[in-house]
Amino acid sequence: MARITLEDVEYVAGLAQLTLDDQAKQRLLKEMGEILAYVDKLNELDTDGIEPMMHVLDISNVFREDVVTGSLDRDAALRNAPKTDGEYFLVPRILDTE
Amino acid sequence: MEYEPVIGMEVHVEISTKSKVFCGCANEFDAPPNTHVCPICLGMPGVLPMLNRAMVEASIAVGLALDCTISRWSKMDRKNYFYPDQSKNYQISQYDLPLCHDGHLDIEVGGETRRIRIRRAHMEEDTARNVHTLGSGESGVDFNRCGVPLLEIVTEPDLHSAEEAHAYLTALKQILEYLDVSDCNMEEGSLRAEPNISIRPKGSEELGTKSEVKNIASFSGVQKAIEFEIRRHKKILDEGGAVQQETRGWDADKGLTIGQRLKESAHDYRYFPEPDLVPIVVDQAWEDTIRETLPELPLPRRARIREAYALSEFDAGVITATKPMADFYEATLSAGAPPKQAANWLMGDFQALLSDSKTEIQENKISPEQLAEMIALIEDATISGKIAKDLLAEMFDTGKDPKALVEEKGLVQISDAGELEAMIREVMESHPGPVADFRSGKHKAKGFLVGQVMKLTKGKGNPQLVNKILDEELEKT
């Protein structure tokens, strides 16, 4: 049952960019452990000879044709932006290579 | 120690569909920022993407051209990461079941053919463009590029030199251009090549630690970046160090790669199946339909053209370098031009006119029929080859028929023996010195006399006839 450690919780929280206090970490440790235990239970089923399900939907090939149907006005597109100069969405400067 | 470089290549190519991959926004380069955006490509909550059929078909075509197996069943996945080049905090891509896999591309390096295995080619959406030059100290995000269909083509680590990498990219670009699925413009970013490089002691089977290089804007840049990385790895290993697995950026001005700050856990993308898009099933019939639409590909076309028209390997290579060029050539032959002459004109003067004016052959004013007609005028001695050069330039500027231009400009070659004879006598009389020289055995003097005759005829004298008559006249003492 000790399928998940505190480090795992912290790692997953980090990937999701969440900051958790100790209490939240303990609660998630318990809850995530329970979820994994439930999946373990499913693993008890004999699935020999059953094709894996790769996708939850049992339909395929839903496409749109390659037609331009238009876009939003820029003002509308930028209306909900936290910050904009009227042309771009503005974000804190990205320092990737320096 | 002697090392062997091991190189793999990732190529991202933007597919030139009319609309984006999951929405109906225009797929267009260079539009004003954030004018080709909608709730889907902006990643608004509650929207549903829908896959563009043209993207799937173009991707299958590329897969087939690279001898890939086309997956009967494939799906889209979410690749999760935080970066301001997309707003959903995931990119829709393909993970464990790419549309195309296990293909190969043959390349030629130093006269040898090498087979480069293609691991996979998968569909994804391009990301937004970040602009760092706004002056406000902030970065701008332009979502016009977000959702542009992108095909990622990944090789096995089968390349062993910068030269081979260059040859691979050239061959791949040629195929993509033949298929007409992308502009393949590296400067505009519609084709992006990211090599990964490692080195190992020669003879070793084990792979060394690799570095991946991004931000390269040209094929020659790829070659230089690889050469730089090979040198860098060698130095580290020779000094007893260990190469770090990392992504590095190419600085074209300085000619070196710079380690990019490692984003923490950047490589744990927690892929999972995209629940908003249904699986893609390609049955044999669909695959066959697409296969039938494939054009003749560069290598087979080159071989056929070389054999069918008895061209040299070099000429056949130049003629088939691009599909428009090869199409133009074969159309010129269909219009009756002899293969060798058509090749010479196309590769020589015509190519020079195209290059000088930066014109694409398919956009130029001369038609294959007109080029064939011009060559016919040389063949039947209406005009000389020298006149034809001027004529071709005139045709190139005006798009007029060669026959009409010949009449308009009075370019018809003088093939009247009597007329030429009179002119030749005139030249001989006004240049007694060279005539005497010739007759006293200095045969070089003839060249001068031919030149004077051509000058007198304004270049329109039939060269064979001028030579023949001049010889006869000089024999008479």
Side-chain angles (χ1 to χ4, degrees), chain A residues 4-5 7-20 28 32 35-36 39 50-98, chain B residues 17-19 22-27 32-39 41-42 44 50-56 73 75 80-85 87 96-97 128 130-132 134 136-143 215 249 251 258 260-261 263-265 268 270 273 275 277-282:
Chain A
I4 188 164
T5 64
E7 285 73 39
D8 292 331
V9 172
E10 285 169 346
Y11 177 70
V12 174
L15 288 176
Q17 300 205 336
L18 296 173
T19 310
L20 304 173
L28 283 164
M32 289 166 78
I35 292 165
L36 290 173
V39 174
I50 297 173
E51 258 192 68
M53 186 179 75
M54 300 290 194
H55 202 282
V56 291
L57 296 174
D58 196 21
I59 49 173
S60 60
N61 291 3
V62 178
F63 300 118
R64 40 175 288 276
E65 297 308 316
D66 185 21
V67 176
V68 176
T69 53
S71 301
L72 289 175
D73 284 342
R74 181 156 66 192
D75 288 346
L78 295 171
R79 190 168 299 151
N80 294 322
K83 199 164 182 192
T84 169
D85 60 0
E87 290 192 324
Y88 292 95
F89 292 85
L90 295 182
V91 297
R93 190 169 173 78
I94 305 159
L95 296 169
D96 197 38
T97 53
E98 289 158 55
Chain B
T17 50
K18 295 183 194 77
S19 62
F22 299 125
C23 63
C25 287
N27 171 13
N34 293 305
T35 53
H36 292 327
V37 298
C38 75
C41 55
L42 286 171
M44 304 260 182
M50 251 175 106
L51 185 53
N52 186 337
R53 181 195 298 273
M55 170 57 175
V56 181
W73 202 100
K75 65 178 166 67
N80 301 279
Y81 66 93
F82 291 96
Y83 198 73
D85 65 0
S87 56
D96 53 339
L97 295 166
N130 293 134
V131 181
H132 309 292
L134 294 180
S136 60
E138 289 159 309
S139 293
V141 189
D142 172 12
F143 282 86
N215 308 335
D251 185 325
I258 300 159
Q260 296 189 326
R261 197 181 49 164
K263 275 171 271 164
E264 214 174 327
S265 318
D268 191 342
R270 295 150 296 145
L277 287 161
V278 302
I280 303 135
V281 175
V282 184

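Residue numbering restarts at 1 for every chain, and letters A, B, ... go by the order of the sequence lines.
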Tell me, which pairs form a salt bridge (charged side-chain N to carboxylate O under 4.0 Å, His left out) where one or both residues lie in residues 67-78 of chain A, sequence neighbours left out?
-> none
Listed once per pair and sorted, the salt bridge (charged side-chain N to carboxylate O under 4.0 Å, His left out) pairs that draw on residues 52-63 of chain A, sequence neighbours left out = none
Less than 4.5 Å to any heavy atom of chain A: does that hold for the side chain of [X], its backbone, both, or neither?
{"X": "B:Lys75", "result": "side chain"}
{"X": "B:Asn130", "result": "side chain"}
{"X": "B:Cys23", "result": "backbone"}
{"X": "B:Pro39", "result": "both"}
{"X": "B:Pro84", "result": "side chain"}
{"X": "B:Leu277", "result": "backbone"}

Top of A:Leu90, A:Asp85, A:Val62, A:Asn61 for chain B proximity - count of heavy-atom pairs under 4.5 angstrom = A:Asn61
Chain B contact via A:Val67 - side chain, backbone, both or neither, heavy atoms under 4.5 Å = backbone
Not counting sequence neighbours, which residues clear ring pair (Phe, Tyr, Trp, His ring centres under 6.0 Å) with A:Phe89? List them please.
-> B:Phe143
Begin from the C-alpha positions of A:Thr69 and A:Arg64 and carry the test side chain to side chain donor-acceptor pair (under 3.5 Å) through to its verdict.
-> CA-CA 11 Å; A:Thr69 53; A:Arg64 40 175 288 276; 5.7 Å; no
Please report the shortest heavy-atom distance between [X] and [Y], naming the atom on each side.
{"X": "B:Arg270", "Y": "B:Asn80", "value": "O-ND2, 2.6 Å"}
{"X": "A:Met32", "Y": "A:Val9", "value": "SD-CG2, 4.2 Å"}
{"X": "B:Met50", "Y": "A:Phe63", "value": "CE-O, 3.4 Å"}
{"X": "B:Ser19", "Y": "A:Glu65", "value": "OG-O, 4.5 Å"}
{"X": "B:Ala128", "Y": "B:Val141", "value": "CB-CG1, 3.6 Å"}
{"X": "B:Cys25", "Y": "A:Val68", "value": "C-CG1, 4.4 Å"}

Go through B:Ala54, B:Ser87, B:Gly137 and name the one with the most non-hydrogen pairs under 4.5 angstrom from chain A.
-> B:Gly137
Looking only at B:Asp251, B:Asn27, B:Leu42, B:Asp96, most heavy-atom pairs under 4.5 Å shared with chain A are made by B:Leu42
No-hydrogen, no-angle side-chain donor-acceptor test under 3.5 Å, B:Asn52 and A:Asp66 = yes
Select all residues of residues 76-83 of chain A having any heavy atom within less than 4.5 Å of some heavy atom of chain B, and report them by number, or 'none'.
-> A:Ala77, A:Leu78, A:Lys83
